[in-house]
Amino acid sequence: QVRLVESGGGLVQAGGSLRLSCAASGRTFNIPSMGWFRQAPGKERESVAVISWGGARTYYADSVKGRFTISRDIAKNTLYLQMNSLKPEDTAVYYCAAAYTPGVTAEVSDFGSWGQGTQVTVSS
């Protein structure tokens with residue numbers, strides 16, 4: 001199993017930036033991909049961005065393309081999400097997750113390990 005711990009959330013004004021980090025520990029050597037998801041109050045959890053652990057392939061939700069960037073530091077076993085030009089509708093709890101399904105997937109059900117989440121609040 002993999003343990004995931006997110007950090008970097010907070011309160012920011014619209015147009016601002018935040019960088020989320022996710023530290024992975026445990027059996028990280030066999031993770032095909034990792035991703036960021038978010039869940040706003042009253043809404044279902046949705047995928048935000050996914051990256052293959054080798055870094056060659058990425059996926060972004062249409063709502064964040066051009067504003068968010070997912071990356072990873074293999075040596076540090078850490079996943080990042082750089083969020084720029086934040087909007088109030090980006091407000092949610094953001095979760096880091098690890099998938100064990102080959103390839104890059106954005107399906108919540110393909111992710112077997114989850115962090116505890118970090119709150120991101122964007123004020124207008």
Side-chain angles (χ1 to χ4, degrees):
Q1 268 290 10
V2 176
R3 181 170 181 260
L4 304 172
V5 180
E6 303 98 332
S7 61
L11 173 64
V12 64
Q13 288 188 334
S17 298
L18 282 175
R19 189 176 83 153
L20 305 183
S21 299
C22 173
S25 59
R27 300 173 64 85
T28 60
F29 60 88
N30 62 342
I31 300 174
S33 62
M34 293 189 68
W36 289 96
F37 294 76
R38 66 187 182 188
Q39 188 166 17
K43 295 188 176 181
E44 292 188 354
R45 190 169 298 188
E46 62 177 2
S47 59
V48 174
V50 180
I51 187 169
S52 59
W53 196 236
R57 299 175 61 190
T58 57
Y59 159 86
Y60 292 95
D62 288 342
S63 58
V64 306
K65 281 181 181 177
R67 300 189 297 123
F68 291 10
T69 302
I70 189 171
S71 63
R72 83 284 174 264
D73 185 327
I74 294 177
K76 295 182 178 180
N77 276 342
T78 301
L79 181 73
Y80 302 100
L81 184 68
Q82 178 66 44
M83 305 186 294
N84 298 329
S85 302
L86 282 161
K87 304 176 181 179
E89 51 263 45
D90 294 318
T91 295
V93 177
Y94 283 71
Y95 297 90
C96 168
Y100 300 98
T101 302
V104 173
T105 174
E107 296 294 329
V108 173
S109 58
D110 287 334
F111 288 76
S113 296
W114 293 83
Q116 82 288 351
T118 185
Q119 177 70 47
V120 171
T121 302
V122 184
S123 63
S124 57

Enquirer: What verdict does the salt bridge (Lys or Arg N to Asp or Glu O under 4.0 Å) test give for Asp90 and Lys87, after you've listed the backbone C-alpha separation in whole Å, the side-chain angles of each residue and the deciding distance to 0.1 Å?
Expert: CA-CA 5 Å; Asp90 294 318; Lys87 304 176 181 179; over 6 Å; no
Enquirer: How far apart are the closest heavy atoms of Arg57 and Gly103, and which atoms are they?
Expert: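 Nearest heavy atoms, Arg57 then Gly103: NH1-CA, 4.0 Å.
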Enquirer: Can you name the residues that form a ring-ring contact (aromatic ring centres under 6.0 Å, His included) with Tyr94, not counting sequence neighbours?
Expert: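 ring-ring contact (aromatic ring centres under 6.0 Å, His included) check on Tyr94 returns nothing, list empty.
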Enquirer: Tell me whether Glu6 contacts the main-chain N or O of Gly117 through its side chain, where contact means a donor paired with an acceptor under 3.5 Å.
Expert: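 Yes.
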Enquirer: Please name the pair of heavy atoms, one in Tyr59 and one in Ala106, separated by the smallest distance, quoted to 0.1 Å.
Expert: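 Looking at all heavy atoms of both residues, the shortest contact is CE2-CB, 3.5 Å.
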Enquirer: Scan side-chain atoms only and decide if Tyr100 and Ser113 contain a donor-acceptor pair under the 3.5 Å cut-off.
Expert: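 Checked: Tyr100/Ser113 side chains pair up, N/O donor to acceptor below 3.5 Å.
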Enquirer: Leu18 pairs by side chain to side chain contact (heavy atoms under 4.5 Å, CB included) with which of Thr121, Leu11, Leu81, Val12?
Expert: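 Looking at Thr121, Leu11, Leu81, Val12, the match for Leu18 under the side chain to side chain contact (heavy atoms under 4.5 Å, CB included) is Val12.
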Enquirer: Between Arg38 and Val93, is there a donor-acceptor pair closer than 3.5 Å when you use the side chain of the first and the backbone of the second?
Expert: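 No: the side chain of Arg38 does not pair with the backbone of Val93.
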Enquirer: If you look at every heavy atom in Arg27 and Ile31, which pair is closest and at what distance?
Expert: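 Scanning both residues completely, I find the closest heavy atoms to be O-CG1, 4.1 Å.
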Enquirer: With the 4.5 Å side-chain cut-off for hydrophobic clustering, are Tyr95 and Trp53 part of the same group?
Expert: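 Each belongs to a different hydrophobic cluster.
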Enquirer: Could you tell me whether the side chain of Thr118 and the main chain of Gly9 form a donor-acceptor pair under 3.5 Å?
Expert: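 Looks like yes, one N/O pair under 3.5 Å.
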Enquirer: Is Gln39 reaching over with its side chain to a backbone N or O of Glu44, donor-acceptor style, under 3.5 angstrom?
Expert: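 Checking the backbone N and O of Glu44 against the side chain of Gln39, no donor-acceptor pair under 3.5 Å is found.
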Enquirer: Do you know the tightest heavy-atom contact between Val122 and Thr91?
Expert: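 That would be N-OG1, 2.9 Å.
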Enquirer: Please check if Phe111 and Val2 belong to a single hydrophobic cluster, counting links between Ile, Leu, Val, Met, Phe, Trp and Tyr side chain heavy atoms closer than 4.5 Å.
Expert: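 Phe111 and Val2: separate clusters.
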Enquirer: Is there a side-chain contact between Leu4 and Met34 (heavy atoms, below 4.5 Å)?
Expert: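 A side-chain contact under 4.5 Å exists here.
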Enquirer: Closest approach of Ile51 and Leu79, non-hydrogen atoms and distance?
Expert: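 Shortest heavy-atom separation between Ile51 and Leu79 comes out as CG2-CD1, 3.6 Å.
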Enquirer: When the aromatic ring centroids of Phe37 and Trp114 are compared, is their separation below 6.0 Å?
Expert: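 When the ring centroids of Phe37 and Trp114 are compared, they turn out to be within the sub-6.0 Å range.
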Enquirer: Of all heavy-atom pairs between Arg72 and Gly54, which one has the smallest distance, and what is that distance?
Expert: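 Heavy atoms only, the tightest pair is NH2-O, 2.6 Å.
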Enquirer: For Ser17 and Asn84, which I'm curious about, is there any donor-acceptor pair between the side chains at under 3.5 Å?
Expert: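 Asn84 and Ser17 do have a side-chain donor-acceptor pair below 3.5 Å.
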Enquirer: Do you know which of Asp110, Thr58, Thr105, Val104 makes side chain to side chain contact (heavy atoms under 4.5 Å, CB included) with Val50?
Expert: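 Exactly one pass, corresponding to Val104.
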Enquirer: Rounded to the nearest 0.5 Å, what's the gap from CG on Leu20 to OG1 on Thr78? Could you check?
Expert: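 Going from CG on Leu20 over to OG1 on Thr78, the span is 13.0 Å.
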Enquirer: Could you check Trp36 against Cys22 for side chain to side chain contact (heavy atoms under 4.5 Å, CB included), going step by step and ending with a plain yes or no?
Expert: CA-CA 9 Å; Trp36 289 96; Cys22 173; 3.7 Å; yes
Enquirer: To the nearest 0.5 angstrom, please state how far the CE atom of Met83 sits from the CZ atom of Phe68.
Expert: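 With rounding to 0.5 Å, CE (Met83) is 5.5 Å from CZ (Phe68).
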Enquirer: Can you hop from Tyr80 to Ile70 via hydrophobic side chains spaced under 4.5 Å?
Expert: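 Different clusters: Tyr80 never reaches Ile70 through Ile, Leu, Val, Met, Phe, Trp or Tyr contacts under 4.5 Å.
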